[in-house]
K.L.:
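Below is the structure I would like to discuss, written out as C-alpha coordinates.
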There are 2 protein chains.
Amino acid sequence: MSVQNNRDDKDRADEPVTSSAGIDAKDVAILNLLEADGRATLSQLAKATGLSVSAAQSRVQKLEKRGIIRGYAAVIDYERSGLPISAFVSVTPLDYTRESEIPNKLHDIDGIISCYSVAGAPSFVLLVRVASPSKLEELLNLIHRTVPVSTESTVILKTYF
Amino acid sequence: MSVQNNRDDKDRADEPVTSSAGIDAKDVAILNLLEADGRATLSQLAKATGLSVSAAQSRVQKLEKRGIIRGYAAVIDYERSGLPISAFVSVTPLDYTRESEIPNKLHDIDGIISCYSVAGAPSFVLLVRVASPSKLEELLNLIHRTVPVSTESTVILKTYF
DNA sequence: CATGAAAAAGCGGCCGC
DNA sequence: GCGGCCGCTTTTTCATG
(Lines give C-alpha, C1' and ligand atoms only; values in the text may rest on other atoms or scores of the structure.)
Protein backbone atom coordinates (compact mmCIF):
# COMPACT_ATOMS: atom_id res chain seq x y z
CA MET A 1 0.00 0.00 0.00
CA SER A 2 1.34 3.34 -0.89
CA VAL A 3 1.49 5.75 1.97
CA GLN A 4 0.47 9.06 0.66
CA ASN A 5 1.52 12.50 1.57
CA ASN A 6 -0.19 14.42 4.29
CA ARG A 7 -1.16 17.08 1.91
CA ASP A 8 -3.48 19.60 3.37
CA ASP A 9 -7.03 18.99 2.36
CA LYS A 10 -7.95 22.57 1.91
CA ASP A 11 -10.37 22.89 -0.89
CA ARG A 12 -9.21 24.07 -4.17
CA ALA A 13 -12.01 25.16 -6.37
CA ASP A 14 -10.16 24.17 -9.48
CA GLU A 15 -10.05 20.51 -8.72
CA PRO A 16 -13.60 19.52 -7.91
CA VAL A 17 -13.38 15.78 -7.85
CA THR A 18 -9.88 14.79 -8.68
CA SER A 19 -7.24 14.71 -6.06
CA SER A 20 -5.82 11.29 -5.45
CA ALA A 21 -2.31 10.79 -6.60
CA GLY A 22 -1.89 9.53 -10.10
CA ILE A 23 -5.41 10.18 -11.21
CA ASP A 24 -5.76 12.89 -13.76
CA ALA A 25 -8.76 14.37 -15.46
CA LYS A 26 -8.80 11.76 -18.19
CA ASP A 27 -8.80 8.96 -15.69
CA VAL A 28 -11.74 10.60 -14.00
CA ALA A 29 -13.49 10.87 -17.33
CA ILE A 30 -12.93 7.19 -17.96
CA LEU A 31 -14.23 6.32 -14.52
CA ASN A 32 -17.33 8.37 -15.03
CA LEU A 33 -18.01 6.83 -18.38
CA LEU A 34 -17.51 3.34 -17.09
CA GLU A 35 -19.67 4.05 -14.12
CA ALA A 36 -22.48 5.17 -16.38
CA ASP A 37 -21.94 2.33 -18.82
CA GLY A 38 -19.85 -0.54 -17.64
CA ARG A 39 -19.92 -2.06 -21.07
CA ALA A 40 -18.43 0.88 -22.86
CA THR A 41 -15.78 -0.33 -25.25
CA LEU A 42 -12.23 0.92 -25.42
CA SER A 43 -12.97 2.71 -28.64
CA GLN A 44 -15.91 4.48 -27.06
CA LEU A 45 -13.74 5.53 -24.17
CA ALA A 46 -11.03 6.65 -26.52
CA LYS A 47 -13.38 8.73 -28.60
CA ALA A 48 -14.99 10.34 -25.56
CA THR A 49 -11.70 11.22 -23.94
CA GLY A 50 -9.77 12.18 -27.02
CA LEU A 51 -7.28 9.41 -26.48
CA SER A 52 -6.27 6.62 -28.75
CA VAL A 53 -7.59 3.17 -28.15
CA SER A 54 -4.31 1.87 -26.87
CA ALA A 55 -3.90 4.77 -24.48
CA ALA A 56 -7.40 4.25 -23.17
CA GLN A 57 -6.65 0.59 -22.81
CA SER A 58 -3.53 1.11 -20.76
CA ARG A 59 -5.34 3.57 -18.53
CA VAL A 60 -8.19 1.19 -17.93
CA GLN A 61 -5.79 -1.62 -17.19
CA LYS A 62 -3.93 0.51 -14.70
CA LEU A 63 -7.15 1.54 -13.02
CA GLU A 64 -8.12 -2.08 -12.75
CA LYS A 65 -4.77 -3.18 -11.42
CA ARG A 66 -4.71 -0.44 -8.84
CA GLY A 67 -8.12 -1.53 -7.63
CA ILE A 68 -9.76 1.74 -8.48
CA ILE A 69 -11.99 -0.17 -10.84
CA ARG A 70 -13.04 -3.09 -8.72
CA GLY A 71 -15.07 -4.80 -11.37
CA TYR A 72 -18.19 -4.57 -13.43
CA ALA A 73 -21.74 -5.31 -12.47
CA ALA A 74 -25.23 -5.24 -13.85
CA VAL A 75 -27.46 -2.65 -12.19
CA ILE A 76 -30.52 -4.51 -11.07
CA ASP A 77 -33.91 -3.20 -10.05
CA TYR A 78 -34.41 -5.31 -6.97
CA GLU A 79 -37.89 -4.07 -6.43
CA ARG A 80 -38.89 -5.73 -9.66
CA SER A 81 -36.75 -8.78 -9.25
CA GLY A 82 -38.24 -10.25 -6.12
CA LEU A 83 -36.48 -8.42 -3.31
CA PRO A 84 -38.78 -5.46 -2.77
CA ILE A 85 -37.80 -4.58 0.79
CA SER A 86 -34.61 -2.74 1.65
CA ALA A 87 -33.62 -1.41 5.05
CA PHE A 88 -30.84 0.16 7.00
CA VAL A 89 -29.91 -1.80 10.09
CA SER A 90 -27.95 0.03 12.75
CA VAL A 91 -25.82 -2.44 14.65
CA THR A 92 -24.55 -1.81 18.16
CA PRO A 93 -22.23 -4.42 19.65
CA LEU A 94 -23.13 -5.72 23.07
CA ASP A 95 -19.55 -6.77 23.58
CA TYR A 96 -17.11 -4.25 22.22
CA THR A 97 -14.12 -6.49 22.74
CA ARG A 98 -15.28 -8.57 19.81
CA GLU A 99 -16.40 -5.71 17.67
CA SER A 100 -13.84 -6.30 14.99
CA GLU A 101 -15.11 -9.77 14.24
CA ILE A 102 -18.57 -8.57 13.39
CA PRO A 103 -18.16 -7.57 9.74
CA ASN A 104 -16.54 -10.84 8.84
CA LYS A 105 -19.27 -12.84 10.45
CA LEU A 106 -21.94 -10.81 8.76
CA HIS A 107 -20.36 -11.02 5.38
CA ASP A 108 -21.73 -14.38 4.44
CA ILE A 109 -25.25 -13.83 5.65
CA ASP A 110 -27.70 -13.83 2.81
CA GLY A 111 -29.48 -10.55 2.34
CA ILE A 112 -26.86 -8.28 3.85
CA ILE A 113 -25.72 -6.18 0.96
CA SER A 114 -23.32 -3.77 2.58
CA CYS A 115 -21.64 -3.22 5.90
CA TYR A 116 -20.28 0.16 6.96
CA SER A 117 -18.39 1.06 10.06
CA VAL A 118 -19.60 4.48 11.14
CA ALA A 119 -18.64 7.21 13.54
CA GLY A 120 -21.31 7.65 16.17
CA ALA A 121 -23.53 5.63 18.42
CA PRO A 122 -23.96 2.45 16.44
CA SER A 123 -20.74 0.87 15.28
CA PHE A 124 -22.04 -0.45 12.00
CA VAL A 125 -24.74 0.28 9.53
CA LEU A 126 -25.94 -2.48 7.26
CA LEU A 127 -27.89 -2.25 4.07
CA VAL A 128 -30.10 -5.28 3.75
CA ARG A 129 -32.48 -6.47 1.08
CA VAL A 130 -35.14 -9.10 1.54
CA ALA A 131 -38.19 -10.52 -0.15
CA SER A 132 -40.77 -9.70 2.51
CA PRO A 133 -41.31 -8.28 5.98
CA SER A 134 -41.21 -11.73 7.49
CA LYS A 135 -37.91 -12.36 5.77
CA LEU A 136 -36.62 -9.20 7.36
CA GLU A 137 -37.57 -10.53 10.75
CA GLU A 138 -35.81 -13.77 9.93
CA LEU A 139 -32.73 -11.91 8.88
CA LEU A 140 -32.63 -9.88 12.06
CA ASN A 141 -33.01 -13.03 14.11
CA LEU A 142 -30.17 -14.59 12.21
CA ILE A 143 -28.00 -11.57 12.86
CA HIS A 144 -28.70 -11.77 16.56
CA ARG A 145 -27.85 -15.45 16.63
CA THR A 146 -24.64 -14.81 14.74
CA VAL A 147 -23.19 -11.86 16.62
CA PRO A 148 -23.92 -10.33 20.03
CA VAL A 149 -25.46 -7.05 18.97
CA SER A 150 -28.55 -4.99 19.28
CA THR A 151 -30.10 -3.72 16.09
CA GLU A 152 -32.42 -1.00 14.96
CA SER A 153 -33.98 -1.19 11.53
CA THR A 154 -35.12 1.60 9.29
CA VAL A 155 -37.15 0.38 6.35
CA ILE A 156 -36.59 2.15 3.08
CA LEU A 157 -39.89 3.23 1.63
CA LYS A 158 -38.56 4.39 -1.67
CA THR A 159 -35.26 4.76 -3.41
CA TYR A 160 -35.33 8.03 -5.29
CA PHE A 161 -31.87 7.64 -6.71
CA MET B 1 -20.19 -13.37 -2.55
CA SER B 2 -23.43 -14.63 -1.27
CA VAL B 3 -26.75 -14.17 -2.88
CA GLN B 4 -30.29 -14.08 -1.79
CA ASN B 5 -33.05 -16.57 -1.13
CA ASN B 6 -32.92 -18.02 2.25
CA ARG B 7 -35.67 -20.28 1.16
CA ASP B 8 -38.13 -20.59 3.96
CA ASP B 9 -41.75 -21.18 4.62
CA LYS B 10 -43.71 -18.03 4.24
CA ASP B 11 -42.82 -16.23 1.09
CA ARG B 12 -41.85 -17.55 -2.25
CA ALA B 13 -40.34 -14.93 -4.48
CA ASP B 14 -39.56 -17.29 -7.29
CA GLU B 15 -43.03 -18.36 -8.23
CA PRO B 16 -44.48 -16.92 -11.42
CA VAL B 17 -46.92 -14.56 -9.79
CA THR B 18 -48.51 -13.76 -13.08
CA SER B 19 -49.15 -10.07 -12.68
CA SER B 20 -45.83 -8.79 -11.53
CA ALA B 21 -42.89 -11.07 -11.88
CA GLY B 22 -42.30 -13.87 -14.31
CA ILE B 23 -38.95 -14.45 -12.81
CA ASP B 24 -37.94 -18.05 -12.51
CA ALA B 25 -34.87 -19.64 -11.03
CA LYS B 26 -32.88 -19.33 -14.22
CA ASP B 27 -33.59 -15.64 -14.46
CA VAL B 28 -32.40 -15.27 -10.90
CA ALA B 29 -29.26 -17.16 -11.76
CA ILE B 30 -28.63 -14.87 -14.69
CA LEU B 31 -29.18 -11.81 -12.52
CA ASN B 32 -26.77 -13.05 -9.92
CA LEU B 33 -24.13 -13.80 -12.47
CA LEU B 34 -24.50 -10.44 -14.13
CA GLU B 35 -24.42 -8.72 -10.79
CA ALA B 36 -21.13 -10.38 -9.97
CA ASP B 37 -19.74 -9.81 -13.43
CA GLY B 38 -21.54 -7.32 -15.58
CA ARG B 39 -19.35 -8.24 -18.50
CA ALA B 40 -20.21 -11.89 -18.52
CA THR B 41 -20.92 -12.99 -22.06
CA LEU B 42 -23.99 -14.81 -23.23
CA SER B 43 -22.04 -18.00 -23.66
CA GLN B 44 -20.78 -17.74 -20.10
CA LEU B 45 -24.30 -17.20 -18.86
CA ALA B 46 -25.52 -20.08 -20.98
CA LYS B 47 -22.91 -22.45 -19.69
CA ALA B 48 -23.48 -21.45 -16.08
CA THR B 49 -27.24 -21.80 -16.27
CA GLY B 50 -27.42 -24.85 -18.48
CA LEU B 51 -29.19 -22.94 -21.21
CA SER B 52 -28.24 -22.43 -24.80
CA VAL B 53 -26.75 -19.17 -25.89
CA SER B 54 -29.88 -18.08 -27.70
CA ALA B 55 -32.08 -18.90 -24.74
CA ALA B 56 -29.81 -16.97 -22.45
CA GLN B 57 -29.84 -14.14 -24.91
CA SER B 58 -33.62 -13.88 -25.04
CA ARG B 59 -33.81 -13.99 -21.27
CA VAL B 60 -31.28 -11.24 -20.86
CA GLN B 61 -33.07 -9.13 -23.43
CA LYS B 62 -36.37 -9.58 -21.65
CA LEU B 63 -34.82 -8.70 -18.33
CA GLU B 64 -33.40 -5.57 -19.87
CA LYS B 65 -36.65 -4.58 -21.55
CA ARG B 66 -38.63 -5.10 -18.39
CA GLY B 67 -36.26 -2.84 -16.53
CA ILE B 68 -35.13 -5.52 -14.14
CA ILE B 69 -31.66 -5.06 -15.51
CA ARG B 70 -31.30 -1.31 -15.48
CA GLY B 71 -27.90 -1.22 -17.04
CA TYR B 72 -24.29 -2.02 -16.47
CA ALA B 73 -21.70 -0.13 -14.48
CA ALA B 74 -18.12 -0.31 -13.36
CA VAL B 75 -17.70 -0.81 -9.64
CA ILE B 76 -15.36 1.90 -8.47
CA ASP B 77 -13.36 2.19 -5.29
CA TYR B 78 -14.09 5.78 -4.47
CA GLU B 79 -11.74 5.79 -1.56
CA ARG B 80 -8.89 5.31 -3.99
CA SER B 81 -10.26 7.50 -6.69
CA GLY B 82 -10.30 10.79 -4.89
CA LEU B 83 -13.52 10.77 -2.90
CA PRO B 84 -12.39 9.21 0.35
CA ILE B 85 -15.17 10.42 2.60
CA SER B 86 -18.61 8.90 2.60
CA ALA B 87 -21.41 9.63 5.01
CA PHE B 88 -25.03 8.99 5.72
CA VAL B 89 -27.03 12.17 6.07
CA SER B 90 -30.37 11.92 7.81
CA VAL B 91 -32.68 14.60 6.51
CA THR B 92 -35.66 15.89 8.46
CA PRO B 93 -37.87 18.43 6.71
CA LEU B 94 -38.62 21.60 8.58
CA ASP B 95 -41.72 22.08 6.50
CA TYR B 96 -43.53 18.86 5.84
CA THR B 97 -45.91 20.37 3.35
CA ARG B 98 -43.05 20.57 0.89
CA GLU B 99 -41.53 17.26 1.76
CA SER B 100 -42.19 15.70 -1.61
CA GLU B 101 -40.10 18.28 -3.44
CA ILE B 102 -36.99 17.44 -1.54
CA PRO B 103 -35.66 14.47 -3.49
CA ASN B 104 -35.98 16.27 -6.78
CA LYS B 105 -34.13 19.27 -5.51
CA LEU B 106 -31.39 17.15 -4.06
CA HIS B 107 -30.98 15.09 -7.14
CA ASP B 108 -28.72 17.45 -8.98
CA ILE B 109 -26.43 18.30 -6.12
CA ASP B 110 -22.95 17.03 -6.69
CA GLY B 111 -21.82 14.55 -4.11
CA ILE B 112 -25.22 13.17 -3.20
CA ILE B 113 -25.08 9.62 -4.41
CA SER B 114 -28.37 8.21 -3.23
CA CYS B 115 -31.59 9.40 -1.66
CA TYR B 116 -33.86 7.06 0.25
CA SER B 117 -37.21 7.81 1.78
CA VAL B 118 -37.35 5.93 5.05
CA ALA B 119 -39.88 4.97 7.68
CA GLY B 120 -39.05 6.61 10.98
CA ALA B 121 -37.97 9.91 12.37
CA PRO B 122 -36.02 11.39 9.48
CA SER B 123 -37.86 11.41 6.19
CA PHE B 124 -34.86 10.79 4.03
CA VAL B 125 -31.46 9.27 4.26
CA LEU B 126 -28.79 10.37 1.84
CA LEU B 127 -25.57 8.68 0.95
CA VAL B 128 -22.99 11.32 0.13
CA ARG B 129 -19.42 11.13 -1.05
CA VAL B 130 -16.92 13.96 -0.95
CA ALA B 131 -13.25 14.66 -1.29
CA SER B 132 -12.58 16.06 2.19
CA PRO B 133 -14.17 17.02 5.50
CA SER B 134 -14.44 20.62 4.46
CA LYS B 135 -16.20 19.55 1.31
CA LEU B 136 -18.65 17.71 3.47
CA GLU B 137 -19.37 20.90 5.33
CA GLU B 138 -19.82 22.68 2.04
CA LEU B 139 -22.20 20.04 0.87
CA LEU B 140 -24.28 20.26 4.03
CA ASN B 141 -24.44 24.02 3.72
CA LEU B 142 -25.58 23.65 0.16
CA ILE B 143 -28.27 21.22 1.20
CA HIS B 144 -29.54 23.65 3.81
CA ARG B 145 -29.63 26.46 1.29
CA THR B 146 -31.47 24.29 -1.19
CA VAL B 147 -34.17 22.77 0.97
CA PRO B 148 -35.57 23.66 4.41
CA VAL B 149 -34.34 20.71 6.43
CA SER B 150 -32.27 19.78 9.38
CA THR B 151 -29.58 17.21 8.88
CA GLU B 152 -27.56 14.81 10.90
CA SER B 153 -24.48 13.27 9.43
CA THR B 154 -22.85 9.96 10.19
CA VAL B 155 -19.44 9.60 8.66
CA ILE B 156 -18.56 6.19 7.32
CA LEU B 157 -15.22 5.10 8.71
CA LYS B 158 -14.86 2.03 6.58
CA THR B 159 -16.82 0.13 4.02
CA TYR B 160 -16.37 -3.54 4.75
CA PHE B 161 -18.48 -4.68 1.83
C1' DC C 1 1.28 7.87 -27.16
C1' DA C 2 -0.91 7.26 -31.94
C1' DT C 3 -1.65 4.26 -35.83
C1' DG C 4 -2.66 0.23 -38.24
C1' DA C 5 -2.97 -4.30 -38.98
C1' DA C 6 -4.48 -9.28 -37.78
C1' DA C 7 -6.82 -12.37 -34.86
C1' DA C 8 -10.47 -13.53 -31.87
C1' DA C 9 -14.67 -13.21 -29.83
C1' DG C 10 -19.41 -11.97 -29.17
C1' DC C 11 -23.77 -11.13 -31.14
C1' DG C 12 -28.05 -11.83 -33.74
C1' DG C 13 -30.81 -14.29 -36.99
C1' DC C 14 -31.92 -18.30 -39.11
C1' DC C 15 -33.37 -23.06 -38.79
C1' DG C 16 -35.72 -27.39 -36.65
C1' DC C 17 -37.43 -29.60 -32.33
C1' DG D 1 -39.91 -21.65 -25.64
C1' DC D 2 -35.36 -24.01 -26.31
C1' DG D 3 -31.13 -25.55 -28.82
C1' DG D 4 -27.57 -25.45 -32.59
C1' DC D 5 -25.36 -23.46 -36.59
C1' DC D 6 -23.35 -19.82 -39.46
C1' DG D 7 -22.12 -15.15 -41.01
C1' DC D 8 -21.32 -10.54 -39.67
C1' DT D 9 -19.64 -7.13 -36.87
C1' DT D 10 -16.92 -5.48 -33.28
C1' DT D 11 -13.27 -5.58 -30.11
C1' DT D 12 -9.04 -6.62 -28.56
C1' DT D 13 -4.25 -7.17 -29.02
C1' DC D 14 0.17 -6.46 -30.84
C1' DA D 15 3.15 -4.76 -34.00
C1' DT D 16 5.45 -0.35 -35.51
C1' DG D 17 6.71 4.69 -36.02
Side-chain angles (χ1 to χ4, degrees), chain A residues 2 14-15 17-77 80-82, chain B residues 1 3 5 7 12-77 80-82:
Chain A
S2 60
D14 50 313
E15 43 178 69
V17 175
T18 316
S19 65
S20 226
I23 301 203
D24 63 7
K26 285 176 179 170
D27 286 324
V28 173
I30 288 174
L31 290 175
N32 288 334
L33 288 165
L34 284 177
E35 192 180 14
D37 178 11
R39 291 195 156 179
T41 64
L42 292 176
S43 46
Q44 284 178 296
L45 297 177
K47 188 171 58 182
T49 56
L51 292 161
S52 70
V53 175
S54 60
Q57 182 186 23
S58 69
R59 280 175 182 267
V60 170
Q61 286 176 345
K62 283 180 185 174
L63 290 170
E64 289 170 347
K65 283 186 179 175
R66 293 174 61 186
I68 295 172
I69 295 177
R70 283 190 177 171
Y72 302 88
V75 181
I76 295 174
D77 187 332
R80 299 185 187 180
S81 74
Chain B
M1 270 329 176
V3 268
N5 265 333
R7 160 174 95 73
R12 288 278 175 86
D14 55 307
E15 257 189 352
V17 186
T18 42
S19 60
S20 57
I23 307 229
D24 62 8
K26 284 176 180 169
D27 286 323
V28 173
I30 288 174
L31 290 175
N32 287 334
L33 288 165
L34 284 177
E35 191 181 16
D37 178 11
R39 290 195 155 179
T41 63
L42 291 176
S43 45
Q44 284 177 297
L45 297 177
K47 189 170 57 182
T49 56
L51 292 162
S52 71
V53 175
S54 54
Q57 183 183 22
S58 69
R59 280 175 181 269
V60 170
Q61 287 176 344
K62 283 181 184 174
L63 290 170
E64 289 171 345
K65 284 184 180 173
R66 293 173 60 186
I68 294 171
I69 295 175
R70 283 189 178 171
Y72 302 87
V75 181
I76 295 174
D77 188 330
R80 301 185 186 180
S81 74

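Order of the sequence lines sets the chain letters (A, B, ...), proteins ahead of strands, with each chain counted from 1.
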K.L.:
Could I get the full list of side chain to side chain donor-acceptor pair (under 3.5 Å) partners for B:Gln61, not counting sequence neighbours?
P.N.:
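Expected list: none.
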K.L.:
Under 4.5 Å between any side-chain heavy atoms of A:Ile69 and A:Leu31, yes or no?
P.N.:
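With C-beta onward as the side chain, the pair touches.
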K.L.:
Residues in side-chain contact (heavy atoms from CB on, under 4.5 Å) with B:Ser52, at least two apart?
P.N.:
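With neighbours one apart ignored, the set is B:Ser54, B:Ala55.
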K.L.:
What is the separation between atom CG on B:Asp24 and atom P on D:dG1, rounded to the nearest whole Å?
P.N.:
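About 11 Å, once rounded to whole Å.
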K.L.:
Any heavy-atom pair between the side chains of B:Gln44 and B:Leu33 that's under 4.5 Å?
P.N.:
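Counting from C-beta outward, B:Leu33 and B:Gln44 never come under 4.5 Å.
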K.L.:
So, taking the atom named CD in A:Glu64 and the one named CG in A:Leu34, what distance separates them when rounded to the nearest 0.5 Å?
P.N.:
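These two atoms lie 8.0 Å from each other.
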K.L.:
I need the full list of salt bridge (Lys or Arg N to Asp or Glu O under 4.0 Å) pairs touching residues 42-61 of chain A, with sequence neighbours left out, sorted by first then second residue.
P.N.:
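Pairs touching residues 42-61 of chain A that pass the test: A:Asp24-A:Arg59, A:Asp27-A:Arg59.
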K.L.:
Separation of B:Tyr72 atom OH from C:dG10 atom C1', in whole Å?
P.N.:
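Roughly 13 Å, once rounded to whole Å.
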K.L.:
Got a minute to check which stems DNA chain D is part of, using Watson-Crick or G-U wobble pairs under 3.5 Å, three or more consecutive?
P.N.:
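DNA chain D stems, ordered by first number: C:2-17 with D:1-16.
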K.L.:
Quickly work out the B:Asp27 CG to D:dG1 C1' distance and round it to whole Å.
P.N.:
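One finds 13 Å between C1' of D:dG1 and CG of B:Asp27, rounded.
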K.L.:
Output one letter per nucleotide in nucleotides 7-17 of chain D: B when a protein non-hydrogen atom lies under 4.0 Å from the base, S when only the sugar-phosphate is that close, - when neither is.
P.N.:
----SSB----
K.L.:
Out of curiosity, A:Ser58 OG to A:Leu63 CG, how far, rounded to the nearest 0.5 Å?
P.N.:
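Those atoms lie 9.5 Å apart.
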K.L.:
The criterion is side chain to side chain donor-acceptor pair (under 3.5 Å); which residues satisfy it with A:Asp37, sequence neighbours excluded?
P.N.:
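Testing A:Asp37 for side chain to side chain donor-acceptor pair (under 3.5 Å), a comparison that skips the adjacent residues, returns none.
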K.L.:
Between C:dA2, D:dC2, D:dG1, which nucleotide gets closest to the side-chain atoms of B:Ser58?
P.N.:
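Closest of the options to the side chain of B:Ser58: D:dC2.
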